[in-house]
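Heads up: the structure comes next, in structure tokens.
Numbering of residues begins at 1 and proceeds along the displayed sequence. Counting starts at 1 for both ligands and their atoms, following the listed order.
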Amino acid sequence: MTDLPTFIAGLPKVELHVHHVGSASPRIVAELAARHEGRSPVPADPEALADYFAFRDFAHFIEVYLSVVDLIRDADDVWLLTHEVARELARQQVRYAELTVTPYSHVHRGIPAPAFCEAIEDARKRAEADFGIALRWCFDIPGEAGLPAAEQTLRIALDERPDGLISFGLGGPEIGVPRPQFKPYFDQARAAGLRSVPHAGETTGPETIWDALRELGAERIGHGISAALDPELMTHLAERRIPLEVCPTSNVRTRAVASLDEHPLPQLIEAGVPVSINSDDPPMFGTTLNDEYAVAARLLGIGPEGVAALARDAVAAAFLAPAEAARISAEIDAYQASAAR
Ligand SMILES: O=c1[nH]cnc2c1ncn2[C@@H]1O[C@H](CO)[C@@H](O)[C@H]1O
């Protein structure tokens, strides 16, 4: 049996909770910063960038995140970012990824919605041809921008409707951004066939998750880690098979959780809550999806068998067609069998 990091590196995976801009690697950020020389607080030097991605608290994280969003100024920047994010995911043997994109933030900075959607779609198709990875989009509302952003995100989703668009989300801070106010927008998105995947229970308690389920029709929950504080909620998630998109290192780096040893992932798994392991904003958190599987393995005390099971659980939680999900699961089975020899 190969060692666990090597096993994880070769394991076919899917990723369900990873942000477009949040995945801009130091190299891409440096390239974008150089393109718009001097008009950004974001350091172009990868070393200095590592220090720049050290967050005092969640609000500071959002502030830094938005400063990277400011680097993306035109459709070419969007294309470059998207194609490079796909390259990095494929390098980690990701076969399928649901990438969270925040169109409002880019349109708000002057990139027309049609040009933005054309750029992500073209990069998505090129990535499939170049790297063999299937990308789909979650369009999320930046919660800090409130109802005007909800309105525009819904408009872009319904008017542009890029082929890769499959879900509708809500990101940004939860504190001061109650979920029920977004119900009209999620109702319309779901009526149009988009799947509901809001963030909830990352920086606030279980009641935010209950709101996301009851008011926004959430089919999966972004993060959702505070469910561990509410046994009734964990039972509900387990019985209804509503998956949480857990991003362990993100929660520590944004200070949502004090340390990995205090991360509630083991309690969630113990309660039978469906969980997928994800990286969220990998370069910002100094991690990768492979690293997150290694963190989960350590927290759960599992080896290759358990890690392969986590990968299958993510496939089961994905908005994949059954045949495609079966194909990726079979690839995981074959890989696990060959690694065991
Ligand atoms: O871990 C996270 N939690 C919440 N929002 C996040 C996270 N990572 C990235 N964003 C993104 O930050 C944007 C700010 O406008 C939000 O749109 C959200 O998508």
Starting from [atom], what is the nearest protein heavy atom, named by residue and atom, and what distance separates them?
atom	answer
atom 19 (O) of ligand 1	Asp140 OD2, 2.6 Å
atom 10 (N) of ligand 1	His19 CE1, 3.5 Å
atom 16 (C) of ligand 1	Gly172 N, 3.4 Å
atom 8 (N) of ligand 1	Asp281 OD2, 2.7 Å

inquiry  = Can a side-chain donor-acceptor contact be found between Glu292 and Thr249 if the only test is distance below 3.5 angstrom?
reply    = yes
Interfacing atoms of ligand 1 (cut-off 4.0 Å, heavy-atom, [X]):
X	value
Asp280	1 (O), 2 (C), 8 (N)
Glu202	1 (O), 2 (C), 3 (N), 4 (C)
Phe58	3 (N), 4 (C)
Glu144	14 (C), 15 (O)
Thr102	17 (O), 19 (O)

Any chance the rings of Phe61 and Phe285 have centres within less than 6.0 Å? yes
Exercise. Please find out if less than 6.0 Å separates the ring center of Tyr185 from that of Phe168.
Key: no
Heteroatom distance test (Tyr65, ligand 1): nitrogen or oxygen, under 3.5 angstrom: no
Pairs of nitrogen or oxygen atoms closer than 3.5 Å, one from Ser105 and one from ligand 1: do any exist? no
Partner of Arg109 under salt bridge (Lys or Arg N to Asp or Glu O under 4.0 Å), picked from Asp74, Asp70, Asp77, is Asp70
query: Should His223 be listed as contacting ligand 1, given a heavy-atom distance under 4.0 Å as the test?
result: yes
**Asked** Has Phe61 got any heavy atom lying under 4.0 angstrom from an atom of ligand 1?
**Response** yes
Quick one, Glu128 with Lys125, criterion salt bridge (charged side-chain N to carboxylate O under 4.0 Å, His left out). Give me CA distance, side-chain angles, the key distance, then yes/no. CA-CA 5 Å; Glu128 190 140 0; Lys125 291 166 193 163; over 6 Å; no
The answer for which part of Ile62 has a heavy atom under 4.0 Å from ligand 1 is side chain
At under 4.0 Å between heavy atoms, what of Leu66 touches ligand 1? The answer is side chain
For this session: Please step through salt bridge (charged side-chain N to carboxylate O under 4.0 Å, His left out) for the pair Glu98 and Arg220, ending with a clear verdict.
Result: CA-CA 12 Å; Glu98 297 176 11; Arg220 290 194 324 238; 2.6 Å; yes
Margin query: Using a 3.5 Å distance criterion without hydrogens, assess whether the side chain of Arg179 forms a donor-acceptor pair with backbone atoms of Val177.
Written below: yes
Taking C-beta and beyond as the side chain, do Ile242 and His236 meet within less than 4.5 Å on heavy atoms?
yes
Would Arg195 and Glu219 pass as an ion pair if we require N to O under 4.0 Å? yes
When rounded to the nearest 0.5 Å, the distance separating CD of Glu144 from OH of Tyr65 is 9.5 Å
